[in-house]
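One structure is given here, and the rest of the page talks about it.
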Amino acid sequence: MLLVLLAFLPFFGAACLLAQRNGERNWQTGIALTSTLTALALLLMLAPTVLDGAVSVFRVAWVPSLGLDFSLRLDGLALLFAGLILGIGALIIVYARFYMPADEPIGYFLALLLLFQGAMLGIALSGNVLLLLIFWELTSLSSFLLIGYSNHKAEGRQGARMALAITGGGGVALIGGLLLLGQIAGSYELADILASGDAIRASELYPVALVLILLGCFTKSAQFPFHFWLPHAMAAPTPVSAYLHSATMVKAGVFLLARLWPALSGTELWFYLVTTTGLITAVIGAVIALFRYDLKAILAYSTISHLGLLTMLFGFGTPAAVMVGVFHLLNHAIFKAALFMNAGIVDHEAGTRDVRLLGGLAGLMPITATVGIIAAASMGGLPPFGGFLSKEMMLEEAAHTAWGGWFWAVPLVALLAATFSMAYSFRYIFHVYLGSRRDSCPAKPHDPSFGMWAPSALLVALTVLVGLFPTTLTARFIAPAVAAATGMSAPVFHPKLWHGLTPALVMSIVAILGGAFALWRHGWLQRIWDAIGLPEAKRLFDQGIELFVESTRKLSGFVHNGSLQRQLAWLFLVSVVLGIEAIRIGGYAPGARETIPAPPVAVVAWVLLLAGVAAVVKAQRQRYLTLIYISVIGLVVSLAFIYLSAPDLALTQISVEVMTILLLLLALNLLPKTPRRISSNARRLRDGLLGIAGGGAAGWVAWAVMTRPPNDPISSYHWERSYAAGGGTNVVNVTLVDFRAFDTFGEITVLGIAALTIFALLQPATRGPSGQRLRQWIAVMPHSPERHPMMFAVAARLLLPLAMMVGLYIFLRGHNMPGGGFIAGLVISIALLMQYMASGFEWADNRRRIDEHPVIGLGVIIAALTGLGSLAFGAPLFSSAYGYFTLPLIGKFELTTAMLFDIGVAMTVFGAVMLALAELSHIAQRAHKEGPCDDSPMDIDPARMLEGGR
Amino acid sequence: MITAALYVTLGCITLAVLLNLYRLFCGPTAPDRILALDTMLINTIAFIIVFGVLEESSVYFEAALLLAMVGFVGTVAYTKFLLRGDIVE
Amino acid sequence: MTALIAAPLLLPAFAATAALLFRRRRRLIGAGISIFATALLLLADIALIMQAMRGEIIAYDLGGWPAPYGIVLVLDRLAALMLVLTAVLALAVIVHAVLTGLDRKGWHFHPLFHFQLLGVNGAFLTGDLFNLFVFFEVLLIASYGLLLHGQGARRLTAGVQYVVVNLVGSIIFLIALGLLYGVTGTLNMADVLVRGADLPAGDQGLFRAAGLLLLVVFGLKAALLPLHLWLPRAYAGAAPAVAALFAIMTKVGAYAIVRTGPLVIGVQAGDYVLPAALATMLLGFAGMLAARGLRSMAAFALIGSTATLLAAVALFEPGALAAGLYYLPHTTLSAALLFLLTDLVIRWRCVEGDAMVPTPTYSGRVGLGALFLAAGVALAGLPPLSGFIGKLLILDAALTSSWAVAIWALVLGTSFIAVIALSRAGSTLFWKQDSTPATAGRGEPAPLWESAPSLFLVAALVALTVGAGPITAYMEATSRQVFDTNAYVHAVLGSEVED
Amino acid sequence: MSIEFLVASAIGALTAAGIYLCLRARTFPVVLGLAMLSYAINLFLFAMGRLLVDRPPLYAKDVVEHTDPLPQALVLTAIVISFGMTALAVVLSLRTFLETGTDQVDGIPDEDTKRKAADRK
Amino acid sequence: MRRLLPHPGLSLLLLIIWMLMLNAFSFGWLVLGVGLAIFVPLFTAPFWPDRPLMRWGFPLLAYIGLVIGDIVVANFHVARLILFRRNRDMRTCWLVLPLELHSAEAITVLAATISLTPGTVSTDISNDGRYLLVHALDTDDAQAEVEKMKARYERRLLEIFR
Amino acid sequence: MSAVSTALDVLIAALLVLGGAFALIGSWGLNRLPSLMSRLHGPTKATTLGVGSCLIASMTYFPVHGLPWTAHELLIALFLFITAPISANMIAKTYIHGLHTGQSELAQVEDIKPPSPPNGSEWATFGISEKSSDLDQD
Ligand code: NA
Ligand code: NA
């Protein structure tokens with residue numbers, strides 16, 4: 001339980017800080033420090049049992065199906081790492097309190113710091129590799145924010161992005177690796193994985209998993225060739241660097257190497273990958289560090305180098321090496337944190353971190369100097385400090401390791417690394433603190449306030465003590481850690497300052513001398529180095545990213561060129577191809593249904609249709625003509641419906657036809673009448689072929705189905721029930737308003753929405769550019785001045801009532817004969833539209849006092865309520881009822897709820913059609929006229945003229 | 001006899017429609033095409049009626065009725081477009 | 001109360017018509033009705049998912065006509081899940097729309113919005129293929145209206161393309177249905193399965209053709225390569241809040257594939273879907289990196305993440321489907337979140353619209369940045385949000401498939417691309433500062449309450465993560481139910497097919 | 001020649017023309033193409049109920065042979081829907097033309113296409 | 001009464017049409033028909049303002065009979081022309097018919113009659129409503145043609161529309 | 001079968017053939033006549049009578065052959081007789097408009113133009129007089 005508390009404390013602290021974002025500085029520091037120290041206290045409470053070899057665990061299921069449990073696990077290794085994270089964390093917080101500029105609030109900063117701390121702690125404590133992954137990625141994220149904390153600076157943003165790209169990318173690889181690992185081990189629980197090391201190493205997935213995992217570790221721990229993000233991460237405020245790059249972030253990779261050591265290590269592959277990477281990184285880091293001017297850059301590269309050494313040690317695959325690794329991990333954390341703080345102080349006080357401007361600060365800031373010099377000495381590996389011990393042991397291990405056949409390779413390279421790290425440590429000591437005083441630095445340096453140097457001093461004291469009393473101080477922690485890391489009892493741990501004349505001692509002496517030489521001839525070496533001028537990693541990285549982005553832009557721009565023709569062409573093509581594919585794999589046999597011989601009439605109708613189609617395609621750009629031709633097609637289709645015994649369809653087709661024509665004519669008036677041709681011949685050929693393919697396919701499929709007997713369609717049920725249960729003899733209509741009333745409900749809704757959308761579209765048409773175009777619009781062909789011809793107006797007046805009568809009749813008979821609400825609605829709207837055409841919009845509209853919106857709304861509501869109403873009678877939704885009633889005189893008549901439903905249909909249709917066409921029919925006028933004016937119903941009204949004459 | 005007469009009539013109407021088709025496509029003027037379409041419609045109505053007699057069924061008459069009504073609206077719309085551009089004003 | 005199954009259809013229908021009839025009154029009434037109805041819808045859907053969790057499939061014969069002769073509504077775990085997801089999303093969007101005054105930018109926003117919900121819910125509930133078509137049309141035509149809401153040249157041009165493509169899609173849908181009826185003589189999904197099984201060999205080809213044509217239609221809706229080309233322009237053209245709502249529409253396509261896969265199309269169709277989905281993934285995330293504006297970035301994010309879901313679906317295997325189903329709400333909500341954020345960015349900063357350019361700092365920028373971080377984390381599939389778990393589930397499930405390597409490579413690779421794209425966008429939008437004086441910024445403080453719906457979505461994502469255990473359990477049950485076609489047939493057709 | 005063949009070939013022709021027109025670069029022909037396709041699809045759906053001459057689906061006790069009513073109902077729904085859709089498409093294309101001044105489906109002004117054509121030469 | 005029956009004649013016509021359409025007499029349908037015949041004109045009345053006074057009854061029926069007869073004749077006449085007259089012998093010409101009728105309805109009926117009867121199509125009306133432009137397919141004496149039309153139709157219509 | 005019914009059958013057959021013939025003649029006229037104005041005469045009459053006689057034929061056919069008598073034919077006739085002249089009128093208007101404005105796609109411009117009304121007024125298609133044009137805000 002304490003474990004959970006421990007894991008969550010930092011996040012809780014972060015939350016509190018965010019809540020106190022604008023709070024008082026010390027108060028915020030207090031919060032951060034409290035949470036960290038409490039966590040540390042908890043850790044210490046748990047420590048004793050763990051140090052005695054027990055493993056304290058906490059586990060609750062989270063995503064069982066995935067095997068992702070929220071399971072925490074505190075063993076020696078975790079304890080050590082967690083201790084580092086929290087301990088150094090606490091010091092960093094204090095340091096940050098004094099380091100961060102007094103004027104800017106640090107609540108947000110500390111919150112991020114705690115967030116990061118929590119993530120790191122999570123890595124240390126995870127008992128489930130998937131959980132570990134989560135915390136792992138969290139560190140990437142939070143470090144992204146920390147490095148980008150000074151995001152007003154370009155390098156801050158770039159550094160952050162680079163770090164996220166590299167570590168995030170590594171994280172992605174790690175996901176794969178750990179998933180594979182879990183698959184091999186059969187569980188994502190760390191314990192199980194560590195237990196099944198042999199199985200893992202035996203699996204054929206092992207190499208893949210290993211490589212992926214190592215990618216994760218190496219990116220995180222800035223191993224070559226992924227090392228370059230780390231120096232750029234230095235754009236972060238120094239406390240961040242001190243924290244991330246000494247004890248935590250970068251150590252995560254190494255920690256994972258240690259964590260999974262029992263499962264993964266011990267193979268050739270492991271040795272060569274890890275050791276080699278480590279060696280190369282160690283040397284390169286150390287070399288570059290020697291030639292940097294920025295103190296933080298020096299430290300950054302030194303970190304890289306030391307991480308290389310650690311990696312190398314874990315690569316050796318021997319428990320002894322692991323022990324050294326763990327020990328050095330500890331030492332490095334201590335002196336590196338101290339050094340970063342120290343560099344920060346120098347920066348803070350001297351106003352610069354450029355080594356070339358610094359020098360002889362020892363006199364000006366003695367305390368800082370002492371701290372810095374000791375820490376640097378420990379980094380370089382001078383006795384009697386902690387760094388010396390672990391470096392000695394490291395060299396000892398290296399001396400006994402052979403790379404392939406070459407027993408000398410590893411020791412030599414390790415020595416090289418050691419030499420160079422000695423060199424840059426000397427440089428840190430001599431070029432900053434010792435040597436002649438310089439006045440070249442911007443500010444007048446002096447020792448900072450206690451709070452600022454105390455943390456680093458504490459660490460330095462620690463490194464000294466470790467150097468003097470290694471066993472007593474560290475054995476208690478190291479041994480259990482190593483035991484936990486290796487999964488076997490740790491070898492005896494006896495670091496001593498003096499081992500006698502071991503190869504390691506020789507090597508360190510060489511290293512020290514070499515370092516001294518390098519310092520002595522530094523200017524000379526620097527010139528050589530500058531002359532070589534190695535490629536700059538950042539530039540390569542940036543160019544790579546830019547190239548990637550550009551290529552994606554090219555790709556995306558090429559694919560998504562926003563051409564409708566391309567979209568449709570693909571759609572048709574895919575349909576045809578898949579259709580054919582289906583026939584190919586599914587198999588096909590011609591049908592057995594005998595066909596109906598076609599009478600000449602039918603053939604003529606067919607000719608008419610084909611001619612119409614051809615004409616429309618041919619006259620495509622004389623748009624008015626196409627409208628005339630297309631109604632031939634409509635006519636033939638309606639005829640076909642009549643001939644093939646579908647009267648309802650015929651009626652509907654006929655009335656919809658004319659509506660469509662009116663619509664198109666209204667639109668065409670404002671559209672170009674005969675536009676230029678724009679598509680190339682090739683394009684037209686392509687489209688033609690596509691059309692033929694699609695048409696052929698559709699026609700063939702139709703033929704294939706029509707020529708086979710029906711497969712006992714469900715409609716036979718409808719036929720039988722139509723009259724008996726549906727109360728109507730027109731099965732089509734009964735199907736529409738009863739069996740499948742729900743479809744019809746949806747259908748009228750569609751129509752209603754269409755009308756509303758059209759209205760919404762056209763309302764603003766009179767404003768903006770569209771309004772201007774309408775006002776500037778001039779007719780292409782000369783128009784007759786007569787707007788409302790007399791004869792037509794009179795005929796329309798007579799036809800309106802007749803047509804309405806017909807409409808009502810068609811509605812009433814619909815249930816038993818062809819007809820019904822939809823057609824009725826259309827007929828009535830046509831009749832009304834005739835008035836609009838004859839006497840003009842204004843005149844007719846003022847005489848029709850219905851607003852279509854409510855008509856549509858009510859239509860839908862009525863239909864819906866009829867559906868809902870049946871509930872009241874305990875019947876399922878959309879059930880219909882009908883009955884025969886008898887009234888005196890009137891006699892027997894039928895009433896059905898379906899008819900009510902049909903009324904809803906008719907209303908919606910009427911409303912929708914009228915709204916759409918009426919709206920469309922007068923945008924031009926709306927654009928011109930302001931107020932409504934009742935126009936004359938006919939231009940020539942002899943009667944009125946007579947009055948006018950008198 | 002009647003059946004024979006019916007087929008003769010159907011034949012005539014069919015021929016008539018073909019003639020209309022010719023006029024429809026050859027114009028030369030737009031009014032010609034409109035007229036041809038209108039005539040074609042009326043012939044179709046005749047056809048439907050005769051077909052109804054042939055099949056001794058009266059369910060097709062509404063179609064003819066509607067066609068008569070709708071055809072008129074169409075014709076007027078086409079002409080009005082040529083006369084005024086805007087068919088509703 | 002079995003009729004409750006129709007609530008997701010009747011509620012929006014009445015809400016829409018009510019909003020339509022009250023449109024003359026002060027707009028607050030319309031907005032009030034709208035939000036209230038949506039909230040109510042959420043409650044109803046929660047009640048339904050409770051029912052569904054009992055495990056048995058509820059079939060409701062409309063008009064009392066037994067399936068397959070009448071239209072049947074079917075409520076199972078899958079449908080209930082989709083309903084709830086839709087309602088959650090809808091609530092966020094409608095509140096956002098009202099807060100930002102989007103509903104006043106043009107006519108009939110609220111009616112169209114609820115008709116859209118009607119269509120979507122209907123598509124999820126119906127067990128009849130033609131009825132599915134009808135509801136597709138309802139949701140499509142409403143979506144046309146919503147897409148065009150507010151109008152302007154860019155939106156109109158985008159609208160034309162969107163409308164035309166979908167009309168053609170509907171036509172293909174009808175061909176498929178006609179063919180299906182012509183061959184099997186039925187329209188009911190369960191009945192199609194039953195009859196399709198004992199079709200003569202000579203008819204199988206036509207039967208499959210119908211299935212694959214359906215696949216084309218659904219693939220078009222789900223924006224599968226090469227049928228995804230319509231999406232970027234349309235969604236980037238729409239008002240961001242509307243696009244956020246549209247995040248559910250690609251899922252309607254995905255849902256339809258899941259639903260009809262075992263029943264109608266046949267699971268072997270996955271062989272066509274999987275490669276397409278993988279390619280779409282790559283293109284989608286590449287498009288994200290390539291995007292120069294937030295809108296199109298969000299659109300491509302939607303394409304990519306939906307494709308990820310489809311890749312899981314395409315395996316047509318219980319484990320993978322369960323993984324996909326867990327990922328489904330995640331991608332919907334996170335894409336919607338990004339769209340809502342885009343809207344806020346456009347509204348809060350000065351004049352740059354959604355272009356990815358640095359701006360003078362403006363009030364509310366930090367908050368937006370934090371929200372963007374959340375959205376980015378979700379879309380890139382990083383912890384601690386649900387996308388990570390979703391991707392883990394998918395990878396885990398994909399291991400057994402023969403496409404494992406490709407799926408792994410793409411799922412992992414695309415999240416890396418997403419990380420880069422989002423970090424670039426984020427640092428440009430919320431870190432980098434334009435040197436020009438801040439006077440360019442809209443002086444008044446940002447209306448922070450406008451971000452409430454986005455926060456709500458973030459909360460939903462968090463809930464999805466924390467509750468991952470029970471949720472994945474639900475998803476597994478769902479996916480088992482989806483593949484248990486016998487249970488479905490029995491529930492829908494009842495005793496018709498005992499023998 | 002059989003009725004079935006006539007209908008099938010008519011469907012084919014309509015579909016082909018519809019596809020061709022839908023692939024044109026301007027909105028108006030595209031709308032015409034959609035109209036063509038909906039004719040085709042109406043006939044297709046209808047044909048899926050198989051063809052019969054003069055057997056309208058009007059119920060009467062003695063009637064045994066009749067056409068399949070269901071496809072007719074479906075076609076009716078389809079007609080209505082496609083009418084609504086076509087109407088919307090027409091208005092939308094008009095509206096877009098008024099707003100943008102071009103009737104090209106991709107919203108490219110005619111001047112640009114002219115220039116491109118000139119560049120090609 | 002006038003408010004209830006704005007167009008009594010129309011209502012009657014509608015009722016007849018209604019019964020014709022049903023072509024199955026039942027009292028119930030009749031009642032419904034009457035109702036509609038009253039309701040529909042009420043709805044459409046505003047679309048037919050200031051309609052002329054008409055004399056229903058014999059003159060109207062007589063006129064209708066006359067016209068139908070003439071139509072039959074006219075058809076045979078035109079048929080002959082179409083079949084046997086060569087184009088170049090066709091004496092087509094424009095006629096201008098001065099009007100005495102005043103109401104738009106009356107003039108429309110006249111024009112319709114002219115269009116339906118022998119080789120004449122009424123084409124347009126003058127913008128002061130005083131003249132009707134008629135096209136004749138084949139006529140030897142234009143003036144006589146005009147006189148005939150006025151005598152045969154317009155006179156009768158003047159009686160019907162007062 | 002009775003003499004009456006035979007006679008009726010003959011009548012029906014004759015009517016049908018007549019109808020067909022007229023339909024054909026009308027359309028033939030439409031094709032062979034030289035200019036639109038003369039072509040107009042064909043359809044407006046021949047075709048209407050063609051339909052008319054078919055209608056009468058069917059009206060008589062149904063009762064004679066013991067089928068329910070329907071009167072829809074009358075309605076169709078009514079509609080046709082109301083609409084045909086109007087259609088003709090509108091088409092003619094279009095044509096003379098073409099003549100007047102010399103649009104070759106509307107009219108064969110070499111045709112004889114209609115004479116103006118004697119009293120100096122103008123045909124409505126060509127011009128609206130002040131008295132009426134002040135009624136419409138164009
Ligand atoms: Na970092
Ligand atoms: Na120096």
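Residue numbering restarts at 1 for every chain, and letters A, B, ... go by the order of the sequence lines.
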Which heavy-atom pair separates A/Val549 from C/Arg424 by the least distance, and what is that distance? CG2-CZ, 3.7 Å
side-chain contact (heavy atoms from CB on, under 4.5 Å) involving C/Ser415 - partner list, sequence neighbours excluded: C/Lys391
Once rounded to the nearest 0.5 Å, what's the spacing between atom CD1 of A/Ile753 and atom OH of C/Tyr144? 11.0 Å
Under 3.5 Å, is there a donor-acceptor pair between the side chain of A/Asn711 and the main chain of C/Val183? yes
Donor-acceptor contact below 3.5 Å, side chain A/Glu581 vs main chain C/Ala209: no
A/Ile758 portion near chain C, given a 4.5 angstrom heavy-atom threshold: neither
Applying a strict 4.5 Å limit to non-hydrogen atoms, the region of A/Leu555 in contact with chain C is side chain
Heavy-atom contact with chain C under 4.5 Å, split by part of A/Gln183: side chain
C/Trp230 vs A/Trp570 side-chain heavy atoms within contact, under 4.5 Å: no
Go through the atoms of C/Leu140 and report whether side chain, backbone, both or neither lie under 4.5 Å from a heavy atom of chain A. neither
Rounded to the nearest 0.5 Å, what separation is found between the CZ atom of C/Phe388 and the CG atom of A/Leu138? 9.0 Å
Side chains of C/Asp128 and A/Phe742: does their closest heavy-atom pair fall under 4.5 Å? no
Tell me, for C/Leu62 versus chain A, whether the close heavy atoms (under 4.5 Å) come from the side chain, the backbone, both or neither. both
Hydrogens and angles aside, do C/Gln433 and A/Asn151 bring a side-chain donor and acceptor to less than 3.5 Å of each other? no
May I ask you to test the C/Tyr60-A/Leu877 pair for a side-chain heavy-atom distance under 4.5 Å? yes
Does any heavy atom of chain A fall under 4.5 Å from the side chain of C/Ile141, the backbone, both, or neither of them? both
Portion of C/Leu206 that has a non-hydrogen atom of chain A nearer than 4.5 angstrom: both
Would you please name every residue forming a side-chain contact (heavy atoms from CB on, under 4.5 Å) with A/Leu145, sequence neighbours left out? A/Leu112, C/Leu373, C/Trp431
Tell me, for A/Gln567 versus chain C, whether the close heavy atoms (under 4.5 Å) come from the side chain, the backbone, both or neither. both
Of C/Leu73, C/Ile175, C/Leu10, C/Asp203, the largest count of non-hydrogen pairs under 4.5 angstrom with chain A goes to C/Asp203
In Å and rounded to the nearest 0.5 Å, what is the NE2 to NE2 distance from C/His228 to A/His560? 2.5 Å
Check whether A/Ser715 gets within reach of chain C through its side chain, its backbone, both or neither, counting any heavy atom under 4.5 Å. both
Segment of C/Phe285 engaging chain A (4.5 angstrom heavy-atom cut-off): neither
Verify, without hydrogens or angle tests, whether C/Arg233 (side chain) and A/Gly562 (backbone) share a donor-acceptor contact under 3.5 angstrom. yes
Need one label for A/Leu568: side chain, backbone, both or neither, based on atoms under 4.5 Å from any heavy atom in chain C. side chain
Relative to chain C, which segment of A/Ala61 carries a heavy atom at a distance below 4.5 Å: side chain, backbone, both, or neither? neither
Quick check on A/Leu573 against chain C: is it the side chain, the backbone, both or neither that has a heavy atom closer than 4.5 Å? neither
Side chains of A/Leu865 and C/Phe14: does their closest heavy-atom pair fall under 4.5 Å? yes
Quick one about C/Ser427 and A/Arg157 (side-chain donor to acceptor, distance below 3.5 Å, no hydrogens or angles considered), yes or no? no
Checking C/Glu476 against chain A: side chain, backbone, both or neither under 4.5 Å from a heavy atom? side chain
Contact class of C/Val377 relative to chain A, heavy atoms under 4.5 angstrom: side chain
Do A/Ser65 and C/Leu393 have side chains that get closer than 4.5 Å, going by heavy atoms? yes
Any side-chain heavy-atom pair of A/Ile714 and C/Arg195 under 4.5 Å: yes
Can you tell which part of A/Phe572 gets under 4.5 Å to a heavy atom of chain C, answering side chain, backbone, both or neither? side chain
Exercise: identify the closest heavy-atom pair between C/Phe416 and A/Ala165: CE1-O, 3.2 Å
Check for a donor-acceptor pair, side chain of A/Trp62 on one end and backbone N or O of C/Thr465 on the other, with a separation under 3.5 Å. yes
If I measure from the heavy atoms of chain C, does A/Leu761 come under 4.5 Å with its side chain, its backbone, both, or neither? both
Give the member of A/Ile580, A/Leu130, A/Leu66 that has the highest number of heavy-atom pairs under 4.5 Å with chain C. A/Leu66
Would you call A/Phe759 and C/Trp107 a side-chain contact if the rule is heavy atoms closer than 4.5 Å? yes
C/Phe135/A/Phe745 under ring pair (Phe, Tyr, Trp, His ring centres under 6.0 Å): CA gap, chis, key distance, verdict: CA-CA 10 Å; C/Phe135 278 113; A/Phe745 174 65; 7.9 Å; no
Part of C/Pro226 lying under 4.5 Å from any heavy atom of chain A: both
What part of A/Tyr149 gets within 4.5 angstrom of chain C, counting heavy atoms only: side chain, backbone, both, or neither? neither
Does any heavy atom of chain C fall under 4.5 Å from the side chain of A/Arg708, the backbone, both, or neither of them? side chain
What's the separation between atom CD in C/Gln204 and atom CD1 in A/Ile583, rounded to the nearest 0.5 Å? 10.5 Å
For C/Ala290, does its backbone N or O pair with a side-chain atom of A/Arg553 as donor and acceptor, under 3.5 Å? yes
Shortest non-hydrogen separation from A/Ser556 to C/Gly287 and the atoms involved: OG-CA, 3.8 Å
Cut-off 4.5 Å, heavy atoms of chain A, and the answer for C/Ala322 is neither
Quick check on A/Ala154 against chain C: is it the side chain, the backbone, both or neither that has a heavy atom closer than 4.5 Å? neither
So for C/Phe300, is it side chain, backbone, both, or neither that comes closer than 4.5 Å to the heavy atoms of chain A? side chain
Any donor-acceptor N/O pair, C/His108 side chain to A/Thr757 backbone, under 3.5 Å: no
Of all heavy-atom pairs linking C/Pro383 and A/Glu137, the shortest is CG-CB, 3.2 Å
Minimal non-hydrogen separation, A/Gly857 against C/Leu21, with atom names: CA-CD2, 4.3 Å
Less than 4.5 Å apart, any side-chain heavy atom of A/Leu179 and any of C/Trp408? yes
